[in-house]
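For the numbers below, each heavy atom of this structure counts, side chains included, while hydrogens, waters and symmetry mates do not. The structure displayed is predicted, hence computed values, not measured ones. Note that ligands are numbered from 1 as they come in the structure, with each ligand's atoms numbered from 1 the same way.
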Amino acid sequence: MDLSAVEKAILEAPLSTPEDLLSFQKNFLKKGGVLDGYYGLLRTLPGAERPAFGQALQRLRALAEERFQAAQVHLRAAEAIRPTLTDPTFPAFTISPGGRHPLSLVESQIVHIFSRIGFTLADGPEIEDDWHNFSALNFEPDHPARDMQDTFFIDPARGLLLRTHTSTIQVRVMERQKPPIRILAPGRVYRHETISARAHVYFHQIEGLYVAEGVSAADLKATLEYFVQAFFGTDTPVRWRASYFPFTEMSAELDIACLICHGEGCPVCKHTGWVEVLGCGMVDPNVFQACGIDPEKYTGYAFGMGIERLAQLKYQIPDLRLFSQNHYRFLANFQGYDLPPN
Ligand code: PHE
């Protein structure tokens, strides 16, 4: 059988572009290609003819392999030197330095503000169990408050879930540390929400916890008003509202005047002129008990704030999704800062 036409095809097939290489590979080196077809034929030949034909095919395969590899090396080398062949008068590429994400900047600033009054950092896992997310925080099994937060369960049978708030870290710290405790705990939290300009399936919170003898609601109020003034400016109007959380007794929420519309009414403040920035309260004695701290001896306050919300107000960001889409033009506004720009 004459294989000279195949040999000619192997020798003359173009091999200068990546596309050439691909089709060469397909034709001569892969299953279903020309050579592969001949190998199929080999098996149908009478025994006596097989060795010679087999050897001829072997040789062609080696030839194809060799040409392919040489072309590959050549192509890689050509690609490697190409930049040095470009027009030297062409303007240089601008190298843009990276920057910290606005949420990371805002988190740093919050941590900085609280570190000035003695708070240190604590951490905890994002995958949590029912105990740290709910039970130890005084959510009863059928408590309606468990529905307040739509939870992503990982393994409902074992109670494994993505934490819905950073209050889990309060529990973890109190379980292993004796008062006085004064911690701040930033972290990502997850809730099953429809993604929109106002909500996302994950966001970031910072939890604060202060436990010692004789801590009062006045301490809580003073601390958080200090924070708002340090973060937003001394002339920022605030409003306290009574609230409810299972893990605090006397619970409150703090609103600040909407910095986006200055009280005119806008979608961010739902046309009320006020925006909620944090939840807080005095630690419920049941929580102390669950964590092994004597509620007769100690009192404490806790608070939790949303980092996105604070960043949104500070920078007038209309849509929460901007924080996770990470478009370059959005992030570039924050380039070059270690602390948030004012
Ligand atoms: N964990 C609450 C929330 O996610 C906030 C909070 C923290 C309230 C600490 C009181 C005390 O909404």
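Evaluation of the salt bridge (Lys or Arg N to Asp or Glu O under 4.0 Å) test over residues 315-325, restricted to residues two or more places apart or in two chains, returns Asp319-Arg321.
A donor atom on one side chain and an acceptor atom on the other are not found under 3.5 Å apart for His200 and Glu193.
Think of Ile154 as one node in a network of Ile, Leu, Val, Met, Phe, Trp and Tyr side chains linked at under 4.5 Å; its network also takes in Ile127, Phe152, Leu160, Leu162, Tyr190, Ile195, Val201, Tyr202.
Only the side chain of Phe247 comes within 4.0 Å of ligand 1, counting heavy atoms alone; its backbone N, CA, C and O stay farther away. If you look at Ser167 next to ligand 1, the close heavy atoms, those under 4.0 Å, all belong to the side chain.
Ligand 1 has an N or O atom lying under 3.5 Å from an N or O atom of Arg191, backbone or side chain. Residue Glu207 has no nitrogen or oxygen atom sitting less than 3.5 Å from a nitrogen or oxygen atom of ligand 1, judged on distance alone. Not one N or O of Thr164 is nearer than 3.5 Å to an N or O of ligand 1, by distance alone.
Relative ring orientation between Phe114 and Tyr226 is described as perpendicular, the plane-to-plane angle rising above 60° on a 0-90° scale split at 30° and 60°.
Checked by atom type and distance alone, the side chain of Asp255 never pairs as donor or acceptor with a backbone atom of Arg241 at under 3.5 Å.
Within the structure, ligand 1 has Gln205 among the residues with a heavy atom less than 4.0 angstrom away.
Set against the non-hydrogen atoms of Ala302, the atoms of ligand 1 under 4.0 Å away are 9 (C), 11 (C). Below 4.0 Å from some heavy atom of Gly304 lie the following atoms of ligand 1, by number and element: 6 (C), 7 (C), 9 (C). Of all atoms in ligand 1, numbered sequentially from 1 with element shown, those under 4.0 Å from a heavy atom of Gln170 are 9 (C).
Ring centers of Phe119 and Phe227: at least 6.0 Å apart, outside the cut-off.
When all heavy atoms are compared, the tightest approach of Asp150 to Thr164 is O-CG2, 4.4 Å.
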